[in-house]
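A short write-up of the structure that comes next.
Counting starts at 1 for both ligands and their atoms, in listed order. Predicted, not measured: the structure shown is a model, and the values here were computed from it.
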Amino acid sequence: MEQRPAIDDQLFRKALGRFATGVSVITVAHQDHVHGMTANAFMSVSLHPPLVLISIGQKAQMYKLLALDTLYGISLLSDDQEGLSRHFGGCPLDRLDITFIKEKGVPLLKGAIAHVVARVVDVHQAGDHTLFIGEVEYLHVGHGSPLLFYAGSYGQMTNQHPAESLGWMGL
Ligand code: FAD
């Protein structure tokens, strides 16, 4: 059998960290609580039907709260919400304004540049993470510029960008 090359963990993180992303906070309503978690492993998957995907580590509390048919929220953070990203990424910060709004009974973070509510329609185990594919049931586009994450650091867009762009197909 062919031997697979060993991939160094540090190199994996370093190389994959060169992929710049936005930052989202995933939220679910659980009993009478809200649980939130920062995630940059978020992507759109399909337009017809409208599908999105999040990848959640199996050690995360969030992992236990997601299953087929669960509704989850995705708040795409603006560049003035870095504190929220750190907080929901497991470094709790005091004196942070955390305001949830609700759509379809799902909590979302106020002030995000976009909101998505999706229902889990497919679940795939993938190594130490699990992919939750969701069918979109609600969308809202807000204002502001995105918070960026690159090589383990936060950043902001420095160039002008059209606020109402249709996306890559419309450019
Ligand atoms: P916890 O660690 O228990 O909670 C997360 C944090 O949110 C805690 O500080 C908690 O106090 C706070 N919190 C939760 N609910 C509330 C509430 N209702 N009100 C106020 N505070 C609340 N992990 C992945 O699996 N996938 C990813 O794609 C991913 N991307 C990341 C991107 C970035 C930029 C960062 C910083 C982290 C990312 N992580 C990702 C790591 C993940 O965010 C952390 O491991 C996180 O701690 C896991 O959350 P948890 O569900 O285990 O809950």
Side-chain angles (χ1 to χ4, degrees), residues 7 9-46 51-136 144-158:
I7 298 297
D9 290 2
Q10 290 279 69
L11 181 61
F12 183 90
R13 289 200 177 97
K14 196 171 175 181
L16 277 295
R18 291 293 189 272
F19 186 59
T21 66
V23 182
S24 74
V25 171
I26 311 299
T27 36
V28 290
H30 176 62
Q31 294 164 352
D32 54 351
H33 299 318
V34 172
H35 183 73
M37 182 197 121
T38 301
N40 66 342
F42 162 72
M43 64 183 283
S44 65
V45 172
S46 159
L51 299 176
V52 295
L53 178 153
I54 53 175
S55 175
I56 305 293
Q58 286 150 14
K59 288 186 181 152
Q61 295 304 315
M62 180 60 79
Y63 173 67
K64 300 175 194 148
L65 304 178
L66 291 169
L68 270 180
D69 221 34
T70 307
L71 277 173
Y72 62 87
I74 302 151
S75 299
L76 303 184
L77 299 188
S78 71
D79 58 8
D80 60 1
Q81 292 182 313
E82 183 180 323
L84 290 174
S85 174
R86 292 182 186 277
H87 177 84
F88 286 100
C91 300
L93 298 173
D94 293 334
R95 284 175 281 147
L96 202 58
D97 178 15
I98 303 175
T99 307
F100 294 108
I101 53 171
K102 275 201 171 180
E103 288 294 341
K104 293 193 157 276
V106 176
L108 294 157
L109 279 171
K110 191 177 173 192
I113 59 170
H115 290 136
V116 182
V117 172
R119 185 179 297 277
V120 178
V121 292
D122 219 341
V123 179
H124 293 274
Q125 305 299 329
D128 53 15
H129 278 55
T130 297
L131 312 179
F132 293 93
I133 296 179
E135 182 154 1
V136 174
S145 294
L147 179 64
L148 302 181
F149 196 66
Y150 175 72
S153 296
Y154 292 97
Q156 301 184 352
M157 284 183 72
T158 51

>> If you take the nearest heavy atom of each of Val25, Asn40, Ile98, Ile56, which one is closest to atom 32 (C) of ligand 1?
In response: Asn40
> Which heavy atom of His115 sits nearest a heavy atom of Ser75, and at what distance?
Replying inline: CD2-OG, 3.5 Å
> Can you check whether Ile54 reaches Leu66 side chain to side chain, under 4.5 Å on heavy atoms?
Replying inline: yes
> atom 26 (N) of ligand 1: which protein heavy atom is closest, and how many Å away?
Replying inline: Ser55 O, 2.9 Å
>> Rounded at 0.5 Å granularity, tell me how far OH in Tyr72 sits from OG1 in Thr27.
In response: 11.0 Å
> Where is the nearest protein heavy atom to atom 35 (C) of ligand 1: which residue, which atom, and how far?
Replying inline: Thr38 CG2, 3.6 Å
>> Check contact between His33 and ligand 1, using heavy atoms of the residue and a distance below 4.0 angstrom.
In response: no
> What heavy-atom pair brings Leu147 and Ser85 nearest, and what distance separates the two atoms?
Replying inline: CD2-CB, 3.9 Å
>> Please determine whether side-chain contact (heavy atoms from CB on, under 4.5 Å) holds for the pair Arg18 and Tyr150, giving the CA-CA distance in whole Å, both sets of side-chain angles, and the decisive distance to 0.1 Å.
In response: CA-CA 6 Å; Arg18 291 293 189 272; Tyr150 175 72; 3.0 Å; yes
>> Which residue and atom name correspond to the protein heavy atom nearest atom 11 (O) of ligand 1, and how close is it?
In response: His87 NE2, 4.0 Å
> Within the structure, does Gly36 bring an N/O atom to less than 3.5 angstrom of an N/O atom in ligand 1?
Replying inline: yes
>> Give me the residue, atom name and distance of the protein heavy atom closest to atom 48 (C) of ligand 1.
In response: Met37 CG, 3.5 Å
>> Working to the nearest 0.5 angstrom, can you tell me the gap between Thr158 OG1 and Asp79 CG?
In response: 11.0 Å
> When you measure from atom 52 (O) of ligand 1 to every protein heavy atom, which one gives the shortest distance, and what is it?
Replying inline: Gln61 N, 2.8 Å
>> Under 4.0 Å, heavy-atom basis, I'd like to know which part of Lys59 is in contact with ligand 1: side chain, backbone, both or neither.
In response: neither
>> To check your reading of the model: name the closest protein heavy atom to atom 17 (C) of ligand 1, its residue, and the distance in Å.
In response: Val34 O, 3.8 Å
> What part of Phe88 sits under 4.0 Å from ligand 1 if we count only heavy atoms: the side chain, the backbone, both or neither?
Replying inline: both
>> Between Ser78 (side chain only) and Ile113 (backbone N and O only), is there a donor and an acceptor less than 3.5 Å apart?
In response: no
> Which residue from Pro107, Gly90, Gly89 reaches closest to atom 44 (C) of ligand 1 through any of its heavy atoms?
Replying inline: Gly89
>> If you take the nearest heavy atom of each of Pro92, Ala41, Ala39, Gly22, which one is closest to atom 29 (C) of ligand 1?
In response: Ala39
> Can you tell me how far CG of Leu84 sits from CD1 of Ile98, rounded to the nearest 0.5 angstrom?
Replying inline: 6.0 Å
> For ligand 1, which atoms sit closer than 4.0 Å to a heavy atom of Met62?
Replying inline: 51 (O)
> To the nearest 0.5 Å, what is the distance between CD1 (Ile7) and CZ (Phe12)?
Replying inline: 8.5 Å
> Just how far is it from atom OG1 of Thr38 to atom CD1 of Ile26, taken to the nearest 0.5 Å?
Replying inline: 9.0 Å
>> Rounded to the nearest 0.5 Å, what separates atom CZ in Phe19 from atom CG in Asn40?
In response: 9.5 Å
> Just which atoms of ligand 1 are under 4.0 Å from any heavy atom in Phe149?
Replying inline: 34 (C)
>> Just to check, does Tyr154 reach to within less than 4.0 Å of ligand 1 when the distance is taken from its heavy atoms?
In response: yes
> Any N or O on Gly57 sitting closer than 3.5 Å to an N or O of ligand 1?
Replying inline: yes
> Nearest protein heavy atom to atom 1 (P) of ligand 1, by residue and atom, and its distance?
Replying inline: His35 CE1, 3.9 Å
